[in-house]
Amino acid sequence: PAVRVFSGADNPFLKRIAFYQYFGCTPASAAEGAEEAEPPAANDLNSTTDASQPRGAGHSSKRAEQRPAHVIARFSDAEHTPAIIERPCGLGRVVLITTSADQEWNDWPKDPSYVVAMLELAQYVAKRGDESASLTVGAPIEMTLDPSEYQPDVTVRTPAYPAEAELTATAAPSEEGPGLRLRWDRTDQSGIYQLVLRRRDGGEDLRLVAVNLDPLESDLTHADEGELHRAMPELPFVYVSGSQSEAAAGDDVRRELWPAVLIGLVALLMCEQGLAWFFGRRNS
C-alpha cells in the first residue's frame, strides 16, 4: 500500500523524486532473526544487522518465530540498495525507510506523493497482521490466539447486541503451526462484531471487526440486457431502454391541475367585474 501511488508504467511521481543520501543495510534472513544478538549501535548506518529490529526486542522467546525481512522498494543505484524494508514483529510489523523523513537527504517531502504514501504506510503498519483488513457479509472472521495468553472460549457479540444475546465460539488448535485458530462463519449481518477474549490472568481483551456490505451492490456501471441475464439468470425481469422509459413516463405522467384552476379563477373574477359593471350601469 505504501508504494501503490507509484504504480503504472507512465507514473510521473518516480521521475520527479531524487534521493541524495541514504544508508545501506542488508535485510535479515529468518536464521539471522532467530539469533540472540545485541542490537547494532545507533550511529552504525552501514550495519548488516536488521536495522528494523527495535533495541531490546531480541530478548523475547518469540524471536525465533520471526519471519525474514522483505524489501518493498529499492533505489536505482548500482547496488540497488533497499529503500523500504518490512518485517513482521510480534502481532504487528515494522517498516524501515532508509533515508530521512525531511528534505535533508531527498526532495520527496515536496512531492504530492509523499503525503499519500505516508498515510497509506501508517494504515498498513497499524493494521493487525493476523486479522483480515476488510470483511464483507458472509466472509468468516478468522483470528489466531496464543494459547499461553488466551483461553479458547471467545464471546461473540453481533451488530444486533444487546438486542441479540451473546454467543460463544471456541478456538481450535491451528493446523498451520502453534496457536489456536478462531473462525466465526455467522457474519450474515453488516456492522461491528465484538470479540471478547479471556486472558489466562483473568482479564479480558476486546477485538472489534467491521463487516461491510459487498461494494458490488453499489456498482452503478451501466449494464445491458445480456449482462443482467448473466448476473441474474433465475430472476425474471423486463428490460426497458431509456427511450421506452421516457415514452411510458409521458403517458403516465401526472397532470398538474393548477393551470386550469388559475384560469378558472381569473375567468370568475372577470365575470364578477363584468356583472358588477352591468348591473351598476342599469341602476345609475
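Residues: numbered from 1 along the sequence shown.
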| request: Using a 4.5 Å cut-off on heavy atoms from C-beta on, say whether the side chain of Ile192 contacts that of Pro159. | output: no
| query | Is a side-chain N or O of Asp153 found less than 3.5 angstrom from the main chain of Thr170, in a donor-acceptor match? | reply | no
| task | For Tyr124 and Glu86, work out which heavy atoms get closest and say how close. | result | OH-OE2, 2.6 Å
| request: Indicate yes or no: at least one non-hydrogen side-chain atom of Val154 is less than 4.5 angstrom from one of Val196. | output: no
| task | In sequence, state the C-alpha distance, the side-chain angles, and the governing distance for Arg181 and Glu142, and then conclude on side-chain contact (heavy atoms from CB on, under 4.5 Å). | result | CA-CA 7 Å; Arg181 194 67 180 173; Glu142 296 182 324; 3.6 Å; yes
| said: Pairing donors with acceptors under 3.5 angstrom, does anything connect the side chains of Asn212 and Thr136? | reply: no
| request: Decide whether Asn106 and Tyr22 meet the rule of one side-chain donor and one side-chain acceptor closer than 3.5 Å. | output: no
| Separation between OG1 of Thr98 and CD of Gln21, rounded to the nearest 0.5 Å | 11.0 Å
| query | Got more than 12 heavy atoms from elsewhere within 6.0 Å of CZ, Arg200? | reply | yes
| task | Work out which heavy atom in Phe237 is nearest to a heavy atom in Leu235; give both atom names and the distance. | result | CD2-O, 3.2 Å
| Between Thr99 and Trp108, does any side-chain donor sit less than 3.5 Å from a side-chain acceptor? | no
| task | Check whether any side-chain heavy atom of Lys110 lies under 4.5 Å from a side-chain heavy atom of Gln103, and answer yes or no. | result | yes
| When rounded to the nearest 0.5 angstrom, what is the spacing between CG in Leu208 and CZ in Arg157? | 10.0 Å
| message | Between Arg186 and Asp188, does any side-chain N to carboxylate O distance fall below 4.0 Å? | response | no
| Any side-chain donor paired with an acceptor under 3.5 Å for Glu104 and Tyr20? | no
| message | Does Asp214 form a side-chain contact (heavy atoms from CB on, under 4.5 Å) with Val137? I'd like the steps, not just the answer. | response | CA-CA 7 Å; Asp214 192 338; Val137 171; over 6 Å; no
| Can you tell me how far the CH2 atom of Trp258 sits from the CD1 atom of Ile263, to the nearest 0.5 Å? | 9.0 Å
| query | Just wondering, do Val3 and Ile72 contact through their side chains at under 4.5 Å, heavy atoms? | reply | yes
| remark: Heavy-atom nearest pair, Gly24 first then Thr81, reads CA-CG2, 3.9 Å
| message | Can you tell me how far apart CD (Gln273) and CZ (Phe278) are? Round to the nearest 0.5 Å. | response | 15.5 Å
| Does any N or O in the side chain of Thr187 come within less than 3.5 Å of the main-chain N or O of Gly138, such that one atom is a donor and the other an acceptor? | yes
| said: Using side-chain heavy atoms (C-beta onward) and a distance below 4.5 Å, is Met118 in contact with Tyr114? | reply: yes
| field | Whether Asp224 side chain and Glu227 backbone form a donor-acceptor pair below 3.5 Å | value | yes
| task | Could you tell me whether the side chain of Met270 reaches within less than 4.5 Å of the side chain of Val266, counting heavy atoms only? | result | yes
| message | In terms of relative ring orientation, are Trp105 and Phe23 parallel, tilted or perpendicular, with 30° and 60° separating the classes? | response | perpendicular
| query | Under 4.5 Å between side-chain heavy atoms, hopping through other hydrophobics if needed: is there a path connecting Ile84 to Val115? | reply | no
| said: Ring centroids only, cut at 6.0 angstrom: are His229 and Tyr239 within range, meaning strictly under it? | reply: no
| request: Heavy atoms only: give me the nearest Ile85-Ala69 pair and the separation to one decimal. | output: CG2-CB, 3.8 Å
| query | Any side-chain heavy atom of Pro27 sitting closer than 4.5 Å to one from Pro82? | reply | yes
| Within a radius of less than 6.0 Å around CG of Leu257, do more than 12 heavy atoms belonging to other residues, nucleotides or ligands occur? | no
| remark: In terms of heavy-atom contacts, Leu96 and Cys25 come closest through CD2-SG, 4.3 Å
| task | Mind listing the closest non-hydrogen atom pair of Leu195 and Leu182 along with its distance? | result | CD2-CD2, 3.6 Å
| Thr155: which of Gln194, Glu166, Arg198 passes side-chain hydrogen bond (donor to acceptor under 3.5 Å, both in side chains) | Arg198
| query | Should Tyr161 and Val209 be regarded as members of a common hydrophobic cluster, given that ILVMFWY residues are connected when their side-chain heavy atoms come within less than 4.5 Å of each other, either directly or indirectly? | reply | no
| said: Is it true that, when you exclude Met232 itself, more than 12 heavy atoms of the residues, nucleotides or ligands shown sit nearer than 6.0 Å to its CE? | reply: yes
| Does any non-hydrogen side-chain atom of Leu145 lie less than 4.5 Å from one of Leu197? | yes
| query | Quick one: do Leu119 and Leu121 end up in the same hydrophobic cluster if we chain Ile, Leu, Val, Met, Phe, Trp and Tyr together by side-chain heavy atoms under 4.5 Å apart? | reply | no
| request: Under the side-chain contact (heavy atoms from CB on, under 4.5 Å) rule, what do His70 and Arg87 come out as? Steps first, then yes or no, please. | output: CA-CA 6 Å; His70 173 63; Arg87 183 174 187 180; over 6 Å; no
| remark: Between the CD atom in Gln189 and the CG atom in Leu213, the distance rounded to the nearest 0.5 Å is 11.5 Å
| task | May I ask you to check whether Glu164 and Thr158 show a side-chain donor-acceptor distance below 3.5 Å? | result | yes
